[in-house]
Amino acid sequence: MSGKVFALVDGNSFYCSCERVFQPELSRRPVIVLSNNDGCAVARTPEAKALGIKMGAPFFQIRDLCKREGVAVFSSNYALYGDMSRRMNDIYHRFAPEVEVYSIDESFLDITGIAADRTAYGQEIRQTVRQWTGIPTCVGIGPTKTLAKLANRTAKNVPALKGVCDFTNADQREALLPPIPVGDLWGVGKATAEKLKANGIETVGQLRAMNPRHARQLLTVVGERMVLELNGVLCLDLEAAPPTRKGMAVTRGFSRPITTLDEMCEAIAAYATRIGEKLRQHGLAAVHGQVFMHSSPFAREPWIHRSRAFAPIEATNDTHELIRLATRAGREAWKDGYRYAKAGIILTELVAAADVQRGLWGAAERDHQQKLMTALDAVNRRYGRGSLVPAAAGLKRGWGTRFEMRSGRFSTSWGEMPIVSGHDGSDTQRPQPARRTP
DNA sequence: TCTGGGGTCCTAGGACCC
DNA sequence: TCTGGGGTCCTAGGACCC
């Protein structure tokens, strides 16, 4: 065994739970949250799963079912989910010295040597998070991340565990782990599961017993690491400090097809604006990127996918420069006569903005632009993203992403905060759904 | 009519170099 | 008869994750 102890805490049906926190009357109703553009279901409560709503189900296919069964349907509200996630992580830091934020609803805690009774400690974490944020969670504990992940999944699936499963406990581990289907393991997707099945391996117990060298031959180092981690050998350590990122992207489907170059340029400029914000937020600058656009892979119409690379003379995070480069690449990539369903900007090489190699000329101009960007970001932080946008990014945005069922930004916007009156909260008023003022 | 977005890691293969 | 070998870097594509 590794000598370390990790706990993986994750929010149950996280996006749905966030909605329920602010609308408690939803607690007994099935709830789902949709992806961008209200495209498909990406979060479902157990009640919604029981109705047969699958992960990734296109909304237009389940719309009738939702209506019939009284499912509460929401567009994604990232302002809300991101804020709830931050609150949960603040709490985790009270329980562990090192926390790795793995995703918006999952964090690994290093709880090595902290508690003698780990199950009780896990329960304490759950109760605190529940009480302080309203979000229900499950906790999985193990000597490696892979085992903690598996324990977390088991905590979810075995009600008798009451939300905490400890795979550092040999009795619990040997009773519950071996029969788990190998496809449920972290890192085993469809292709790997089929490969393993062809080799006679269908359960986690069988995979754990595999010779690591054999696993490497079959599944590269990734498979070898899985086998070792299942046996308590640490291969993936906690990463408390997020590593510098390698790439960045803003890609989005349109709410209706785009057929004119003007609109395409508007969309690309809007995405360039957003990626500029993201770059500055992370203190990064782009060295190399590309623009792409394609038609719908679902529609029965001619398929087209076009892309063009771009590179600034020196690394940049300036919105106007990014718009100039990206729209130029977009014009080069554009081909008339198609119905484009999606476009995006992908930056493949980033550097720290502070390290950018400066050219000899144009220092005054750069300085001016930098001040302008700082002011732009300040305004948008103060008044909400999109309050101040470059004209090129468009104001009408007929192609803009749909969020027709979005709840309020209850926890991050004064204007949308829920108002409670009375003694028992029974007449809690809800504000109007978020609406962007032009 | 309507099917998400944003990441990571790994490998193979080609180009290039000495 | 007989035409090296090993290293690095880059890119594309596959697989996986939430």
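The sequence lines fix the lettering, A, B, ..., with proteins before strands; numbering per chain opens at 1. Only heavy atoms go into these numbers, but all of them, side chains included; no hydrogens, no water, no symmetry mates.
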Rounded distance in Å - CG (A:N152) to P (C:dC17): 14 Å

Interatomic distance, A:D105 CG vs B:dG5 C1' [rounded to whole Å]: 15 Å

Test: A:D83 and A:R409 ion pair at under 4.0 Å: no

Test: A:K156 and A:E106 ion pair at under 4.0 Å: no

Among A:T146, A:L150, A:L147, the one residue meeting side chain to side chain contact (heavy atoms under 4.5 Å, CB included) with A:V204: A:L150

Side chain proximity check, A:E277 to A:L376, heavy atoms < 4.5 angstrom: no

Nearest-Å distance for atom pair CH2/P, residues A:W303 and B:dT3: 13 Å

For atom CE of A:M55 and atom P of C:dC16, their distance in whole Å: 16 Å

C:dG4 to B:dC17 separation - C1' atoms, rounded to the nearest Å: 14 Å

Test item: A:M210 and A:N199 side chains (from C-beta on) under 4.5 Å apart, heavy atoms: no

Any pair counted as side chain to side chain donor-acceptor pair (under 3.5 Å), so long as it reaches residues 28-43 of chain A, sequence neighbours left out: A:D38-A:S75

Contacting residues from residues 247-279 of chain A, given that a heavy atom lies under 4.0 angstrom of DNA chain B: A:G247, A:M248, A:A249, A:V250, A:T251, A:R252, A:G253, A:K278

Dot-bracket line, read 5' to 3' along DNA chain C, where crossing pairs take [ ] and | marks a partner on another strand, Watson-Crick or G-U under 3.5 Å: ....||||||||||||||

Touch class at under 4.0 angstrom, heavy-atom based, for A:F298 against every strand present: base

Sugar-phosphate only, base, or nothing, as touched by A:F14 at under 4.0 Å among non-hydrogen atoms: nothing

Spacing of A:E100 atom CD relative to B:dT8 atom P, expressed in whole Å: 13 Å

Residues that A:Y78 engages under side chain to side chain donor-acceptor pair (under 3.5 Å), provided they are two or more places apart: A:S76

N-O pairing of A:E263 and A:R256 below 4.0 Å: yes

Distance test, side-chain N/O of A:R245 to OP1/OP2 of B:dG7, below 4.0 Å: yes

Nearest-nucleotide pick for A:R63, side chain only, options being B:dG4, B:dC2, C:dC18: B:dC2

Set of side chain to side chain donor-acceptor pair (under 3.5 Å) partners for A:R153, sequence neighbours left out: A:D184

Those residues of residues 321-353 of chain A lying under 4.0 Å from DNA chain B by at least one heavy atom: A:K342

Closest-nucleotide ordering on DNA chain B, the 5'-leading residue of A:F59 and A:T220: A:F59

Near-ring test A:Y340/A:F254, centroid separation under 6.0 angstrom: no

Gap between atoms NZ and C1', on A:K246 and B:dC9 respectively (whole Å): 8 Å

Touch class at under 4.0 angstrom, heavy-atom based, for A:T192 against every strand present: sugar-phosphate

Value in whole Å for how far the C1' atom of B:dT3 lies from CD1 of A:I53: 15 Å

Whole-Å distance separating the CG atom of A:L219 from the C1' atom of C:dG14: 14 Å

Closest to the A:V42 side chain, choosing from C:dC16, B:dG4, B:dC9: B:dG4

A:N77 and A:S407 side chains, donor-acceptor separation under 3.5 Å: yes

Sugar-phosphate only, base, or nothing, as touched by A:K149 at under 4.0 Å among non-hydrogen atoms: sugar-phosphate

Closest listed nucleotide, where the reference is the side chain of A:A191 and the choices are C:dC16, C:dC18, B:dG5: C:dC16

Pair A:D318, A:T316: side-chain N/O donor-acceptor within cut-off below 3.5 Å: no

Sugar-phosphate only, base, or nothing, as touched by A:D38 at under 4.0 Å among non-hydrogen atoms: nothing

Plane angle bin for A:W399 and A:Y271 - parallel if under 30°, tilted between 30 and 60°, otherwise perpendicular: perpendicular

